[in-house]
Structures are given as C-alpha cells and as structure tokens.
Number of protein chains: 2
Amino acid sequence: MPARHIIAKELAGLFGVLSHPDRLRIVEELRGGERDVNSLQELLGVSHSRTSQNLAVLRLNRVVIERRDGRHVFYRLEQPELAAWILDGVRFLEQGSARAEATRSAIAVVRQIWGQPEKPATRKRR
Amino acid sequence: MPARHIIAKELAGLFGVLSHPDRLRIVEELRGGERDVNSLQELLGVSHSRTSQNLAVLRLNRVVIERRDGRHVFYRLEQPELAAWILDGVRFLEQGSARAEATRSAIAVVRQIWGQPEKPATRKRR
DNA sequence: TTCATATATTCACGAATATGAATATATATA
DNA sequence: TATATATATTCATATTCGTGAATATATGAA
C-alpha cells in the first residue's frame, strides 16, 4: 500500500478521534497537566460514563495516557504539543463571510482560555 | 453558550470533515493549485461519484472552492495553509512504540510527497 | 438545429459505523 | 464489609459510507 494511502488512513483516524466536542475539550483541558476523571466530568458538565467512554477512545488511540493513583485515575496527554496544534487549527474557522459573528468572537475568547498553559485545579493526590 | 463549547463544536465539525482518507488526500493534492474532478478521481483511484460526493462535503464545509470553466469544474483550497497544517499533524502519528514500523517509514515518504508544492498536472483548459 | 459525448452532480439503497443512554461489572479504599 | 470510582457491555438510534443508476450541463460534430 502506497505511503500516502497508509498515512491518509491513519491521519483520518486521528481526525476521527478528535471529531467530537467532548474529546476536543478533554484534550484542551489536559494541556496544563493531568486530571482525574471526576475533575474532567465536572469541567465538561456531562455524565460520568460519557466522560469515561470518551477517555477510553482517546486512550485506545494513544492520545492520552492514564496513571492510576489510589482510587483515582489521572489522564494526561501523551504528546502535549497536540493541544497547541489543535488550537492552531482554530484559525481555519475564521474563514468565509458566512461564518457567524458569534463564532468569530468565540475564537478570540478560546484563544485566551486554551492558549496558555493552565495550572491544574483541585488535584487530589494521596 | 460558552465560547469553548461553540469552538469545540465547530472544530469537531472540521475534524469530522477531514476524518476521511479520500478527503484528506484531496486536500493534499490541491496544495499546489486547482484541479478538476476527473484529475482528482484518477489520482485517488476511486469512483467518479465518490470523488464528487467527497468534494461536495469539502465544498459545503468551505474547505474547497469551485470554479466552473466549460464542462470542467476546478476545485482549489479556500485556505491553502490548511494543507500544511494537516501535514504538520502527521507528527502525532509517530508516537508510541506500538506504532508499526511501516507507518514510520510511510511518514517520511509522505513528507516528501506532500511536503512541497507541486505544479498541477495536465490541466486541460479551453 | 439535433445528436453524441464528456464531465459532473445527485439520488436511492443497503451496509457499516458511530453515538448516547442505561445498566452491569470490577476495583480500590475506608 | 460498604462505598466511591472507573470501566465494560448492551441496546436502540442516528449517521456515514460506497455503489450504481439517473440526471444535469456543456461541448463539438453532423
């Protein structure tokens, strides 16, 4: 199989993994370091199982790595630069006049929020 | 709706559009300039309608723009830098020891193939 | 003009895949 | 043990995919 077929397929897989709002937000929330599932669930405001399932997708595709500590499981980015690369892709949302103004201003906000490393919150360790 | 929700959703949409091998290859093949549907179909080695349908997805999501000329429809990237950004993302495939050696060498090849602008082939114009 | 051809898009269908919600199971800690 | 936490499984639904047929649309020839 030609190299470009292999890579196109694998890249498409990576894009597929990232083509979900929850999972994108998880990646961005992990940009500053590891977090446990509960902490992520609260940040996302979705159900526990949904968080866990999306983390499983990310883990199976080697986007995140887990570290168990007591009854907590902490997740972190396997390749922290991934978060910056994703954020960089936001510029392609600005295109086109058809794009809503709401989106354009949201981009500015998100660049503030996601654009700088953040010290992980409430990291309960034991 | 918080900015990060909006952006996560839109970004996820973009990733979804790009989460298909054919569409990724189309974007990369267009890095050097416009091509008509037939030319793309031959490059990809897939059916005509499949090519056209994937172009429609890219078009509806403002990734590509069409230009009609006679009986040909030429497509080009709306934001040419998109191809470079995607190629940049290839580095995240190198990760992890579980990754097959075949992939690693394919990455090198693809960086050669996609890494430099290419002069569009056989552009039949009238 | 009419007809044949080349090009591109759209449609309909079944197959495959993804998704979300709910539940069940497993594990670690107290 | 009981409880909190995390993962796995199941199921119903929704979405996406690929193919082949049908439908434009444009061009050139008769």
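We name chains A, B, ... by the order of the sequence lines, and we start the count at 1 in each one.
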* Between P of dC17(D) and CG of Leu58(B), the distance in whole Å -> 11 Å
* Report the residues that fulfil side-chain contact (heavy atoms from CB on, under 4.5 Å) with Ala83(B), sequence neighbours left out, ordered by chain and then residue number. => Val27(B), Glu28(B), Arg31(B), Leu77(B)
* To do: Report the distance from atom CG of Leu60(B) to atom P of dT15(D), rounded to the nearest whole Å.
  => 16 Å
* Check side-chain contact (heavy atoms from CB on, under 4.5 Å) between Pro80(A) and all other residues, then give those that pass, not counting sequence neighbours. => none
* Asked: For Arg76(B), what residues pass the side chain to side chain donor-acceptor pair (under 3.5 Å) criterion, not counting sequence neighbours?
  -> none
* Structure fact -> His72(B) NE2 to dT9(C) C1', in whole Å, measures 15 Å
* Asked: What residues, two or more places apart in sequence or in another chain, satisfy side chain to side chain donor-acceptor pair (under 3.5 Å) together with Gln41(B)?
  -> His48(B)
* To do: Report the nucleotide, chosen from dT7(C), dT9(C), dT7(D), that has the shortest atom-to-atom distance to any side-chain atom of Arg71(B).
  => dT7(C)
* Going by the side-chain contact (heavy atoms from CB on, under 4.5 Å) test, name the single residue among Val37(B), Leu60(B), Asp22(B), Val63(B) that passes it with Leu55(B). => Val37(B)
* Whole Å only: how far is the CD atom of Gln41(B) from the C1' atom of dT9(C)? -> 13 Å
* **For Arg111(A), all residues meeting side chain to side chain donor-acceptor pair (under 3.5 Å), sequence neighbours excluded** => none
Quick test: give all pairs of protein nitrogen or oxygen and nucleotides 10-14 of chain C nitrogen or oxygen below 3.5 Å, distance rounded to 0.1 Å.
| from | atom 1 | to | atom 2 | distance (Å) |
| --- | --- | --- | --- | --- |
| dC11(C) | N4 | Gln53(B) | NE2 | 2.4 |

* **Spacing of Glu66(B) atom CD relative to dT25(D) atom C1', expressed in whole Å** => 13 Å
* Structure fact -> Using Watson-Crick geometry (N1-N3 plus N6-O4 or O6-N4) or G-U wobble (N1-O2, O6-N3), each under 3.5 Å, dA30(D) is paired with dT1(C)
* Could you check if a side-chain atom of Phe15(B) sits within less than 4.5 angstrom of a side-chain atom of His20(A), using non-hydrogen atoms only? => no
* Please state how far atom CG in Leu55(B) lies from atom C1' in dC17(D), giving the value in whole angstrom units. => 16 Å
* NE2 of His48(A) versus C1' of dT23(C): gap in Å, rounded? -> 14 Å
* To do: Using whole Å, report how far NZ of Lys9(A) lies from C1' of dC17(D).
  => 15 Å
* Structure fact -> The side-chain contact (heavy atoms from CB on, under 4.5 Å) partners of Val109(B) (sequence neighbours excluded) come to Ala3(A), Ile113(B)
* Residues that Glu66(A) engages under side-chain contact (heavy atoms from CB on, under 4.5 Å), provided they are two or more places apart -> Arg59(A), Arg68(A), Val73(A), Tyr75(A)
* Taking DNA chain D as the partner, which of residues 13-28 of chain A come within under 4.0 angstrom of it by heavy atom? -> none
* Compare side-chain N and O positions of Tyr75(B) against OP1 and OP2 of dT7(C) and report whether any pair is under 4.0 Å apart. => no
* **Nucleotide opposite dT10(D) in a Watson-Crick or G-U pair, distances under 3.5 Å** => dA21(C)
